[in-house]
Amino acid sequence: MASSPPPPATDLPPTLPASFSASSSPSFLHYLRNLGSKAPKTMAALYSSPSPSTLSPQPPGSFFALTVLTNLLNEIERCVVLRMVALEWTEDSGITERDFNSWFIGSKKDWDWEKLNDLCIISLNPSRSSSWFVKLRSPFHSSLRSALTSTQKHPWSLLPSAQLKPSPTPPPTLNELNAYTQNIWNGILHYLVGTKNTQEPNPTVLRFLRETGLMDVDAKTAGTKREKWEITKKGYDFMLKDVSEQVWSFVFSYLQTLQSTSSIISTLLLLTSLSHCTLSEGYPVSLLTKSHKTLMPKFKDFGLIYYTSGSPKFYPTSIAISLIPGSLSSSCGHLPSPTSVHSLLSLPDQTKNPTLNIIVQTNFTVVAYTSSPLHLSMLLLFCDKDDYMVLPNVLVMKLTRDSVKESFKRGIKCSQILKFLKKHSHPLIADADYRIPENVQSQLHLWEKEEVRIKCSLAFKIYFEEEEKEVERDVAGWAEERGGLIFRGKGGVVVVKYEIAEGAVRFKKRRVREWREEEGGEDDMIVY
Amino acid sequence: MSQTITIVLDLAAEAHRARLSTVDSKGRFKGPALIHLHVIPSLKVFLNAFEAANPSSDWSLICCTNTKVETVGRTREGIDLDAIMRMLDDGVKKAEVEEDAAPTTLASSEPKANPNISISKGISAGVTTAVCRINSYLNKNLPGGLANRKRKHETALSASVSGADDGFTNLHKNSDETKSQNNVIESRILVIQTGEDWMPHYNNLMNCAFAAKSAGVCVDALQLFCSSDKKEERSSMLSQLTHITGGLFMRPPTPAGQVHGALTQILLTVYLVNKSSRNVLSPVVVETVEFKGRCYETGNKIDIGFVCNLCLSVFERKLDTCLTCGSKV
């Protein structure tokens, strides 16, 4: 269902690059490696970022170094880097080539020089002999040492309540925090899908939905006063993603709009610091830097932090903690899901914390334990809209050929449907070898293959006389070089793609003229 | 893959080692490493590095003296130092009582140091406790118990982590991704021995080794010097223990090689690499295993000896009654 257009931009971030697509936002590693020509200085500034106050003895740069180490390197790279942390070098010394190679048994296939250089972790220097030596770059080295030798696990000190001004509202519980994040994202997805009576998200989110191609103007109402916006193919793809991927898309789009290096640094440091927080712990707002305080409203819009105006503390949500996973924090950043059948069947309050648990049966029936209208909308993307039951705590729907093919036309792939169903599979069958029956999986793949079994494209037939076999061979070769040859028949027929038809005809004319001249014949034929 | 490590830290010989610690002419500490000054700080860095190297991981610490074995709890900052210091003080006081009870000689004005207080009597109890906890944890979390484990050194996790009885409290709970991917847990034990071997517990330690091996648990060991004399003997018990379970055994090259950050470097270089990665990343340790038996009475190495047919204790001289089990030979 179409929805009203977002309000005009006022103090919103600048426009996103045209090539950006929310459905294909690159990973955190990719983003760091592609910071451009300023990458070494930016990375050095990130690693060596100082502590903002004496009450936070652990500098945020050390948390950034830990995040890079834990999140972006594989196990072998982490072990090797940690081996090097305890060592000290002078400017013109390091681990020699011979010693470094002796650390590996066999080939160094798990060691990516390029990645470690892009992330400004190691430096490779020529030595006086013909070999080289390697060492850790000093901003990363000192930050990581600081992180490993510190006992502080949190980026901001947990000040006692006596040192803070009183909070107007009581601190949120874990369920309230999760419900808060869920409500924000449910609201965005409801708006995306076009559910009736949905509150409009804030302008930042609306602009993101528009500029990333998740929503587009309805063709029927384009240019009119009642211009409406509706979900696109990319939007459907976006809806079926994991919440963390969706949030990262938003965050990445925001990072793309930042112009100055200092703002990029500030945002990345805040993101990595949040990933080292503990869920349901409140951190003092007074310990944030000025730039971080300006980011608070945007992060609140994305559901990354929870705070109320006037409150001395802010609370990172589970999404913020798991956005860049791999911290030393003991908390698990996942949204909770009920693990007992009893709690599922006992009509939980889905409005506060909606969960989705799916069982797919061998007769293509989808049983979804949920009562959230958003989950119903999401399942109706690929289930039969005309034949489903809505019970107080369960939905019973069917996967049919028509409904699945309809979803393919919207741009949803079979792999996305299967991933969605597997991700939300019921805990009772979560450990089974096949969470989705084999026959259902196979049939979905077959239906998808039907979409690409026959591909129609415009073509052009070129006929040749019996004596023009040489010309026919040359034209076929010419078309094949350009990737346009579709078919070459025995009866003097060559079929080429329509795009190169004109060129093929001209080539044929020229070849026929040349052939005729060679044969000594007159050029009196009509070439077609 | 989730990783767990249980550290068995021997506190037994601390009094003896503190007495024998020396400094060189420039005032620098020469060794041996003291628990509160050198070992604990290095261990903190090692555990932080372990958590950084293995995002899905957990650790527990078991401290043992000659009379007590205790699992040390955790604080927000990591290791509960107070609990360790209490055990240390307790151990030092008991060592002083033993020292006072030692006979003095007419020749020396100071009481002769009791050699027994340099012996690690609690190691086998500590390793036993570690193996039992890991076994209990794996049995709780593996469907059908350890009998259904799929591979030799790996076990599947199908339910949430059990409570604090096992010492592992930080592995992800209720993680849909963990359950759905049928996560694998690799457990290992790191034994840090600070005293000498206690031969009467040889059988106990070997039984622990076989139990650990059947549970797929790898045991690594680090032996620290008791004094600043680098001619101290290597621990044959620990080297055999690690050999049976496929682990690593190492002793720093010199007593000074375990202080001033050198112990941190040893822990990070040798013991940080998980067992599954040791076929890719060399542990940089080459230690030979001594398979010679030791006399249960004198502790001497022997090639040929007399064996009790009941408890299999080995002696270098023929005895009428076995000193270990008391049976008539």
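Chain letters run A, B, ... following the sequence lines, proteins first and then strands; every chain starts at 1.
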State the [atom1]-[atom2] distance between [X] and [Y], to the nearest 0.5 angstrom.
{"X": "A:Arg145", "Y": "B:Thr264", "atom1": "CZ", "atom2": "OG1", "result": "9.0 Å"}
{"X": "A:Thr149", "Y": "B:Lys44", "atom1": "OG1", "atom2": "NZ", "result": "10.5 Å"}
{"X": "B:Leu281", "Y": "A:Phe104", "atom1": "CG", "atom2": "CZ", "result": "5.5 Å"}

Indicate the atoms forming the closest heavy-atom contact of [X] with [Y], along with that distance.
{"X": "A:Leu82", "Y": "B:Leu268", "answer": "O-CD1, 3.5 Å"}
{"X": "A:Leu66", "Y": "B:Ala52", "answer": "CD2-CB, 3.7 Å"}
{"X": "A:Ser102", "Y": "B:Ser282", "answer": "O-CB, 3.8 Å"}

For this session: Identify which part of A:Leu73 has an atom lying under 4.5 Å from any heavy atom of chain B, answering side chain, backbone, both or neither.
Result: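 Looking at A:Leu73, nothing touches chain B.
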
Problem set entry | Derivation of the side-chain contact (heavy atoms from CB on, under 4.5 Å) call for B:Val273 and A:Glu75 | CA-CA 9 Å; B:Val273 185; A:Glu75 190 183 340; 5.9 Å; no

Taking the side chain as everything from C-beta on, heavy atoms only, tell me whether [X] gets closer than 4.5 Å to [Y].
{"X": "A:Arg78", "Y": "B:Pro55", "value": "yes"}
{"X": "B:Gln265", "Y": "A:Leu87", "value": "yes"}
{"X": "B:Asn279", "Y": "A:Ile105", "value": "no"}

Exercise. With no hydrogens and no angle check, is any side-chain donor or acceptor of B:Asn48 less than 3.5 Å from a backbone partner on A:Ser150?
Worked result: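 At least one qualifying donor-acceptor pair exists.
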
